[in-house]
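Data block below; observations after.
Not measured: the values here are computed from a predicted model. Sequential numbering from 1 along the given sequence is applied to the chain's residues.
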Amino acid sequence: MAIIKKSRKQQHASAGVRWGGFSLLLLNLEEYYSEQHRANHILHKGSHHERKIRGSLKICSKSAIFEPDAISQPIIKIPLRDCIKTGKHRENGANRHFTKAKSGSISLIFSQVYFIKEHNVVAPYKIERGKMEYVFELDVSEKVEDVVETLLQLHRASCIDKLDDQTAMITAILQSRLARTSFDKNRFQNISEKLHMECKAEMVTPLVTNAGHVCITDTNLYFQPLNGYPKPVVQITLQDVRRIYKRRHALMPLGLEVFCREDDLCSDIYLKFYEPQDRDDLYFYIATYLEHHVAGHTAESYMLQWQRGLLSNYQYLLHLNNLADRSCNDLSQYPVFPWIIHDYSSSELDMSNPGNFRDLSKPVGALNKERLERLLTRYQEMPEPKFMYGSHYSSPGYYMLCLQNERFDNADRMFNSIAETWKNSLDGATDFKELIPEFYGDDVSFLVNSLKLDLGKRQGQMVDDVELPPWASSPEDFLQKSKDALESNYVSEHLHEWIDLIFGYKQKGSGAVGAHNVFHPLTYEGGVDLNSIQDPDEKVAMLTQILEFGQTPKQLFVTPHPRRITPKFKSLSQTSSYNASMADSPVSPGEESFEDLTEESKTLAWNNITKLQLHEHYKIHKEAVTGITVSRNGSSVFTTSQDSTLKMFSKESKMLQRSISFSNMASSSCLLLPGDATVITSSWDNNVYFYSTAFGRWQDTLMGHDDAVGKICWHDNRLYSASWDSTVKVWSGVPAEMPGTKRHHFDLLAELEHDVSVETISLNPASTLLVSGTKEGTVNIWDLTTATLMHQIPCHSGIVCDTAFSPDSHHVLSTEADGCLNVIDVQTGMLISSMTSDEPQRCLVWDGNSILSGSQSGELLVWNLLGAKISERTQGHTCAVTCIWMNEQCSSIISQEGKTDKLFLEIAVLSAFSSPEY
């Protein structure tokens, strides 16, 4: 059945056109529709039976087409190659090739003609052969000479046997027409619009292109087709644009696609330019406009939204297809979606049974073990370049119902049964196709023969509507169940495996070989350099082969794609392989839920994080503050500073209660042990100091490093210390309820070695993972259960200032003095988001979706991570914010300012509510 999707604007433009009317799909492949003229088709010219049929004469690059106004009359298509004579029609009936007689009529003498859509019925063309003459009388007689000249030129081109020369001549004729015309500025929506650029281009739709002029102003994008079809001007308001993509068209960097809705399958316009520079210039103008109006998105930013549940599986796949050069307007690069369901024979579809789902970790060609063994045997015996599959999972032939030689394809080759199509994909020797988005959409037209086309017989039965599986009661029910399957828990837990195959690291190279996912070299981007082929015919043949065979999407990921974060209480549909992978992962299932925030105060606080209010500020230290911790009841604030002191400030009395100095060198961080009886501070003198708050005195010193200790953490009687000596050390501690006079005893449990000095560390909530940031900008993720390095990510250009795990332990956030905030996926080590401010960000806290960071200028910035933008700025200080502390309920925040040129440091107390809560 036909799967030719129209965009909303195409549907709107054709809403008032009868079904039996002219369509660009009536043209041959790569044929242009040049111009049209109102005219009469004169039958039996000069006889008593003469009559006129009113309509339009269309001049195309390979044919002349007459569309009658009356839908009962057939559309007439005359191939120019079959024309014998073309010229003006003389009143006495005599015809000459170049007659000078005054006439408003054109005569075509030809040997073959096609009749299309007679009585408004879509059916194979009717063909009439033999020498005959048709006369067309134009409404504007002055145009006859130009039309005749154009027809003669196109006739000469169509008679050239060599395809490359024929194409070159037709292109020259088209370019000549474009050069003689320009965009009609009277078509501007507003006379005050400022013109930015104008150039020649073609509007691309499935199977056909339409030449014309592109114009962009400060408010609108315009395309004016030469032929005025489907309307005189296509206009898109820049304010409506949401996404733009550069496209490869016929393997050349000439395409540009514009979307005005975020989740549309089809774009509002697809343009193909004649020069890459024109494409790039237009892209620049639109992209510059969007920078100030629309948040930009990358594959990584979409991935983060998908992981966090803000994008459905369908939406995410749609965005990945768009980013990978897939377009509904280009059938050689149509969007690709996976087969999901495995069972097409049962009367009921049980989505709680994993056996009813396709294995998403394997390409279609590897799903059948016996077939795979045969393919591997052939692959191993094949000379280089080797490939496993001789056909592609994404080919234009899968997507459309075309008239082949003016007739429908053989009924046995048509898409007529879901179950049989799936069986062929599993068992067929040359069938490895995946699906397209329509299988998970709302439009059932590709499943229903609504026009009652005569598609022939198959095994004695007429081919009609697509045969559905027993578990689908109707086409609508089939699509709904398919959508439910795509969004099911099983697919959500395994979709990343399929993405690895189609868009990721298993698409090519050793990853593809190991996954049995190797296709013909011509299907991959860069598989052949067409510019290096000198022979024109060979180049055309190679391009045709590539476009018809199918193309592999552009590779988006080169490392394993992270899995989706699924709810804590998973359905029974998850498979043993998933459970096994979770068992091997340091991220425990109990941490799986970012959605499981049951504490309303946290949710409410982060929802109101943009409404921060400054309540109090205090001057305490002489030099920059390096650490902050607060007692559990919120009454006491402990701070460390480069002035070497640990200070205890009472929020209740608003007075400084204690000031302790353990060394003459800077203190770098501090923390309170459970029970609030002991404060631990780290120092640049290589030591860690313990101070009893109950007894008001020094307790102990841990001399554990060979250089300054920059950061310490504590969890479950274990101390973690990061040092400039390039190590992070893990120490066993003592019970938190120790008497104030008891000396500490520490045993070294592990030493995490780095190449350079370690500036900061953080623990995940369960203390199974540790992230460290180094002097040279590397972020390291460690598995503390085995004391092994999981990932080393060089994602910053300088010192990493701060790091933090998301509450669910799936992501790490890091910041550096260059103002860059990076989000890293813990499972794969992939950098999935990067945001930049215009100044350094020194410290941060976050909830996995929103970020609060302290900047060099003293501002507190609130970042919308999923929207990749700064959503609020609060001026909390006059100099750099060096520390941020947030209470457990996420309702109160304390930030600290380091003023190295002043004799004090300010502490600001802020709240996400109207009053601070401690």
Legend entry - Test item: D443 and E438 side chains (from C-beta on) under 4.5 Å apart, heavy atoms: no

Inset, instruction - Start with the C-alpha distance between Y316 and L320, add both sets of side-chain angles, then the distance that settles side-chain contact (heavy atoms from CB on, under 4.5 Å), and finish with yes or no. - result: CA-CA 6 Å; Y316 185 46; L320 292 185; 3.7 Å; yes

Inset, instruction - I would like to know whether F439 and F446 meet ring pair (Phe, Tyr, Trp, His ring centres under 6.0 Å); could you show each step before the answer? - result: CA-CA 9 Å; F439 277 81; F446 75 103; 5.0 Å; yes

Legend entry - Min side-chain heavy-atom separation N822-V779 under 4.5 Å: no

Legend entry - Stepwise ring pair (Phe, Tyr, Trp, His ring centres under 6.0 Å) check, F519 with Y393: CA-CA 9 Å; F519 291 84; Y393 56 77; 5.2 Å; yes

Inset, instruction - Could you tell me whether a side-chain N or O of N517 sits under 3.5 Å from a main-chain N or O of K506, the two making a donor and an acceptor? - result: yes

Inset, instruction - Measure the shortest side-chain to side-chain distance between V241 and I286 over non-hydrogen atoms and say whether it is less than 4.5 angstrom. - result: yes

Legend entry - Validation row: Q827, H810 side chains within 4.5 angstrom (heavy atoms): no

Legend entry - Heavy atoms from other residues, nucleotides or ligands near CD of Q555 exceed 12 (cutoff 6.0 Å): yes

Legend entry - Counterpart residues, side chain to side chain contact (heavy atoms under 4.5 Å, CB included), relative to P469 (two or more places apart): Y344, I418, W471, A472, F478

Legend entry - Non-hydrogen side-chain atoms of R326 and S394 separated by less than 4.5 Å: yes

Legend entry - Exam field: side chain H791 to backbone V826, donor-acceptor pair closer than 3.5 Å: yes

Inset, instruction - May I ask you to say whether E262 pairs ionically with R243, meaning some side-chain N is under 4.0 Å from a carboxylate O? - result: yes

Inset, instruction - Taking D268 for its side chain and F259 for its backbone only, find out whether a donor-acceptor pair lies under 3.5 Å. - result: no

Inset, instruction - Determine the minimum heavy-atom distance between M351 and F357, stating which atoms define it. - result: O-CE1, 3.4 Å

Legend entry - Partner set under ring-ring contact (aromatic ring centres under 6.0 Å, His included) for W498, not counting sequence neighbours: none

Legend entry - Residues forming a ring-ring contact (aromatic ring centres under 6.0 Å, His included) with H319, sequence neighbours excluded: Y302

Inset, instruction - Could you tell me whether a side-chain N or O of Y389 sits under 3.5 Å from a main-chain N or O of H516, the two making a donor and an acceptor? - result: yes

Inset, instruction - Return the set of residues passing side chain to side chain donor-acceptor pair (under 3.5 Å) with N210 (not counting sequence neighbours), or none when no residue passes. - result: N227

Inset, instruction - Consider only side-chain N and O atoms of R247 and N322, and report whether a donor and an acceptor are under 3.5 Å apart. - result: yes

Legend entry - Residues forming a salt bridge (Lys or Arg N to Asp or Glu O under 4.0 Å) with D263, sequence neighbours excluded: none

Legend entry - No-hydrogen, no-angle side-chain donor-acceptor test under 3.5 Å, S267 and N329: yes

Inset, instruction - Using modelled atom types only, decide if a donor and an acceptor are shared between the side chain of N449 and the backbone of D465 within a distance under 3.5 Å. - result: no

Inset, instruction - Ignoring hydrogens and angles, state whether a donor on the side chain of E257 or S327 is under 3.5 Å from an acceptor on the partner side chain. - result: yes

Inset, instruction - For S871 and N864, run side chain to side chain donor-acceptor pair (under 3.5 Å): C-alpha distance rounded to whole Å, both residues' side-chain angles, the deciding distance at 0.1 Å, then the answer. - result: CA-CA 6 Å; S871 54; N864 179 346; 5.9 Å; no

Legend entry - Residues forming a salt bridge (Lys or Arg N to Asp or Glu O under 4.0 Å) with E525, sequence neighbours excluded: R248

Legend entry - Evaluation steps, side chain to side chain donor-acceptor pair (under 3.5 Å), between T803 and S814: CA-CA 4 Å; T803 58; S814 62; over 6 Å; no

Inset, instruction - Could you pull out all residues at least two apart from S346 that satisfy side chain to side chain contact (heavy atoms under 4.5 Å, CB included)? - result: D343

Legend entry - Audit row: T219, T237, side-chain contact (heavy atoms from CB on, under 4.5 Å) steps and yes/no: CA-CA 6 Å; T219 56; T237 303; 5.7 Å; no

Inset, instruction - Give a yes or no answer on whether the side chain of Q315 reaches the backbone of S312 with a donor-acceptor pair at less than 3.5 Å. - result: yes

Inset, instruction - Tell me, please, which residues at least two apart from D477 pass salt bridge (Lys or Arg N to Asp or Glu O under 4.0 Å). - result: K481

Inset, instruction - Evaluate the ring planes of H561 and W306, with Trp represented by its six-membered ring, and classify them as parallel (under 30°), tilted (30 to 60°) or perpendicular (over 60°). - result: perpendicular

Legend entry - Main-chain N/O of K433 paired to W339 side chain as donor or acceptor, under 3.5 Å: yes

Inset, instruction - State, yes or no, whether a side-chain contact exists between L831 and V823 at a heavy-atom distance under 4.5 Å. - result: no

Inset, instruction - Apply salt bridge (Lys or Arg N to Asp or Glu O under 4.0 Å) to K554 and list each qualifying residue two or more places apart in sequence or on a separate chain. - result: D325

Inset, instruction - Please say which of V812, I824, N764 ends up in a side chain to side chain contact (heavy atoms under 4.5 Å, CB included) with V771. - result: V812

Inset, instruction - List in chain and number order the residues that pass ring-ring contact (aromatic ring centres under 6.0 Å, His included) with F223, two or more places apart in sequence or in another chain; answer none if no residue qualifies. - result: none

Inset, instruction - From the options I502, I499, L323, select the one residue that forms a side chain to side chain contact (heavy atoms under 4.5 Å, CB included) with L556. - result: L323

Legend entry - Set of ring-ring contact (aromatic ring centres under 6.0 Å, His included) partners for Y524, sequence neighbours left out: none

Legend entry - Exercise: do W863 and S850 side chains pair donor with acceptor under 3.5 Å: no

Inset, instruction - Using only heavy-atom distances, determine whether the side chains of T815 and Q841 contain a donor-acceptor pair under 3.5 Å. - result: no

Inset, instruction - For Y270 and G255, work out which heavy atoms get closest and say how close. - result: CE2-CA, 4.2 Å

Legend entry - M203 and its side chain to side chain contact (heavy atoms under 4.5 Å, CB included) partner, picked from V234, V214, T209: V234

Legend entry - S301 and S833 side chains, donor-acceptor separation under 3.5 Å: no

Legend entry - Charged N-O contact under 4.0 Å between E202 and K272: yes

Inset, instruction - Taking the side chain as every heavy atom from C-beta outward, state whether Y285 and L221 have any atom pair closer than 4.5 Å. - result: no

Inset, instruction - Mind telling me whether W846 and H811 have parallel, tilted or perpendicular rings, with 30° and 60° as the class edges? - result: tilted

Legend entry - Test item: D431 and S391 side chains (from C-beta on) under 4.5 Å apart, heavy atoms: no

Inset, instruction - In sequence, state the C-alpha distance, the side-chain angles, and the governing distance for Q480 and D484, and then conclude on side chain to side chain donor-acceptor pair (under 3.5 Å). - result: CA-CA 6 Å; Q480 185 58 54; D484 292 343; 3.0 Å; yes

Inset, instruction - Run the salt-bridge test on D442 and K483 with the 4.0 Å N-O cut-off and return the result as yes or no. - result: yes

Legend entry - Results of side chain to side chain contact (heavy atoms under 4.5 Å, CB included) for L486 - residues two or more places apart only: N313, Y314, L317, F337, I340, Y440, V491

Legend entry - Any donor-acceptor N or O pair under 3.5 Å, side chains N424, T421: no

Inset, instruction - May I ask you to decide if the ring planes of H494 and H496 are parallel, tilted or perpendicular, using 30° and 60° as cut-offs? - result: parallel

